[in-house]
Amino acid sequence: MASGNSTPHLTVESLNPKVLKCEYAVRGEIVSLAQKLQQDLQANPGSHPFEEILYCNIGNPQSLGQQPITFFREVLALCDHPNILDKSETHGLFSADSIERVWQILDQIPGRATGAYSHSQGIKGLRDTIAAGIEARDGFPADPNDIFLTDGASPAVLIRSENDGIFCPIPQYPLYSASIALHGGTLQHIMIFSGSLYYLDEATGWGLEISELKKQLETARQKGITVRALVVINPGNPTGQVLAEENQRDIVEFCKKEGLVLLADEVYQENIYVPEKQFHSFKKVSRSMGYGDKDIPLVSFQSVSKGYYGECGKRGGYMEVTGFSPEVREQIYKVASVNLCSNISGQILASLVMSPPNVGDESYESYFAEKDGIVQSLARLAKTLEDGLNNLEGVTCNKAEGAMYLFPRIRLPNKAIKEAESLKKAPDAYYATRLLNATGIVVVPGSGFGQVPGTWHFRCTILPQEEKIPA
Ligand SMILES: Cc1ncc(COP(=O)(O)O)c(CN[C@@H]2CONC2=O)c1O
């Protein structure tokens, strides 16, 4: 007898509250509205005061016309179809060094099968290549067994309970706040301490003041929160700053002294646009201070989604896990093994990103020309957009030293703020909605990243093709 109960078992109310608490502004309601406007334009051209939607909300370079790196794609294509490797036509279409690299990679894959599951940390030979690439970058040893290949830079955040805190920068990339919400921890914002609110000082280019970190840690402890890790995103998202090496040393010292795990998100390490800044990995900084594997727990994240490669959809990346006891390492491995392994194309791409063609290789000239062309274009875009935004009334914008975004501050008249409040919207979300409806440009409200109360921002990517930037 069918039960008379027609009440649906699964409702929003019965979902895991941690899921409801999780927010990710990069693809929030503004994007949903943009997709609706896009459908309008397709159905009724001329139905809005613009011809196209310009998605400046997400760091997705190839969706805006950036071309993939030829060498990387030649290797990926042949790895997935090795049957043509020996054909003469193939040698006419693919470079000798990409064919050579494919043989090397396939010899590292059991059964040469890119369709098979791999080791849960990723294919050992590819981890060897990545570790060698890290050593070449930093000048310090890297152990392939510390490398976990991942489907993108998805952090392994160590959370025990609601009273565990993770220090995240404000503004922060909402992957962290979302992940922490899902895992049930507390997001302990750097520079935000209860009572007197103090954030990263926009006027000093978003640097990390250690003195305030110390105060914040004290406040957290008084609230009974056990801060366990510090997330640093360098270059920064959404703020685009590149940390000075001195500042990095202070951060390492702070984590060492306070017993914090340092989570170094370095996915924009190849996105540096100003000559006065260079990328220094936190691994290199900590080792140059004499801190070895036994002295500081450090997890470094890299991704194939950013840099000059922009292979977001291939879902590749790694985390280098150092400084943990064998027992903790075992637990991290166990969690990684639950997902069996990351996708093989992403693994191959991660190894290519960390070991691209060298001077003298057949592909080097074309590889370097493509890479340099993309990085120089991004640098021009960052500067052009920064200047354009600073010329707008009521807008001020720090330069983007790196990464892929600008995070301008907008000064809104009280009338607009009142109107936003009446619509129960954050003023910068109201601004972003009005901007979208008027121009078709999609940006992310600053309230999705966190900001000093009473200040309003939005995040805009530097990714549209150069010819579109003047408009
Ligand atoms: C700082 C940072 N870390 C990690 C990631 C995750 O990257 P993958 O999972 O693709 O490796 C991103 C993606 N950036 C998002 C996506 O596009 N715009 C953003 O702000 C990021 O900006």
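All ligand and atom numbering here is 1-based and tracks the order in the structure.
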Task: Atoms of ligand 1, numbered as shown, that sit under 4.0 Å from any heavy atom of S305 - done: 8 (P), 10 (O), 11 (O)
- [ ] Flag S303 as yes when one of its N or O atoms lies below 3.5 Å from any N or O atom of ligand 1, and as no otherwise.
- [x] yes
Task: Donor-acceptor pair between D128 and Q108 side chains, under 3.5 angstrom - done: no
Open item on the list: Need the ligand 1 atom indices (1-based, order shown) with element for anything under 4.0 Å from a heavy-atom of I233.
Closed with: 1 (C)
TODO: Would you check the N or O atoms of G59, main chain and side chain alike, for any that come under 3.5 Å of an N or O of ligand 1?
DONE: yes
Task: Any donor-acceptor N or O pair under 3.5 Å, side chains E202, T455 - done: no
Open item on the list: Could you check whether any heavy atom of M404 sits closer than 4.0 Å to an atom of ligand 1, since that is the contact criterion I want to use?
Closed with: no
Open item on the list: So if I count the atoms of ligand 1 from 1 in the order they appear, which ones are less than 4.0 Å from some heavy atom of R315?
Closed with: 8 (P), 9 (O), 10 (O)
TODO: Could you tell me whether I58 approaches ligand 1 through its side chain, its backbone, both or neither, with non-hydrogen atoms closer than 4.0 Å?
DONE: both
- [ ] Would you sort out whether I30 and V442 count as a side-chain contact (heavy atoms from CB on, under 4.5 Å), showing the intermediate values?
- [x] CA-CA 7 Å; I30 303 272; V442 192; 3.9 Å; yes
Task: For E74, salt bridge (charged side-chain N to carboxylate O under 4.0 Å, His left out) partners two or more places apart - done: none
Open item on the list: Does ligand 1 come near enough to D265 that some N or O of the ligand is less than 3.5 Å from an N or O of the residue?
Closed with: yes
Open item on the list: Is it the case that ligand 1 has an N or O less than 3.5 angstrom from some N or O of Y405?
Closed with: yes
Task: Which segment of R459 sits under 4.0 Å of ligand 1 when only heavy atoms are counted - done: side chain
- [ ] Counting heavy atoms only, name the option from G152, A153, P235 that's nearest to atom 6 (C) of ligand 1.
- [x] A153
Task: Any pair counted as ring pair (Phe, Tyr, Trp, His ring centres under 6.0 Å), so long as it reaches residues 237-276, sequence neighbours left out - done: Y268-Y405
Open item on the list: Whether the side chain of K283 engages the backbone of A264 through a donor-acceptor N/O pair (distance < 3.5 Å, no angle test) should be reported.
Closed with: no
- [ ] Say whether, by atom type as modelled, one donor and one acceptor occur between the side chain of N234 and the main chain of L243 under 3.5 angstrom.
- [x] yes
Open item on the list: Does only the side chain of F301 get under 4.0 Å from ligand 1, or the backbone, or both, or neither? Count heavy atoms.
Closed with: neither
Task: Side chains of S377 and E466, donor plus acceptor under 3.5 Å - done: yes
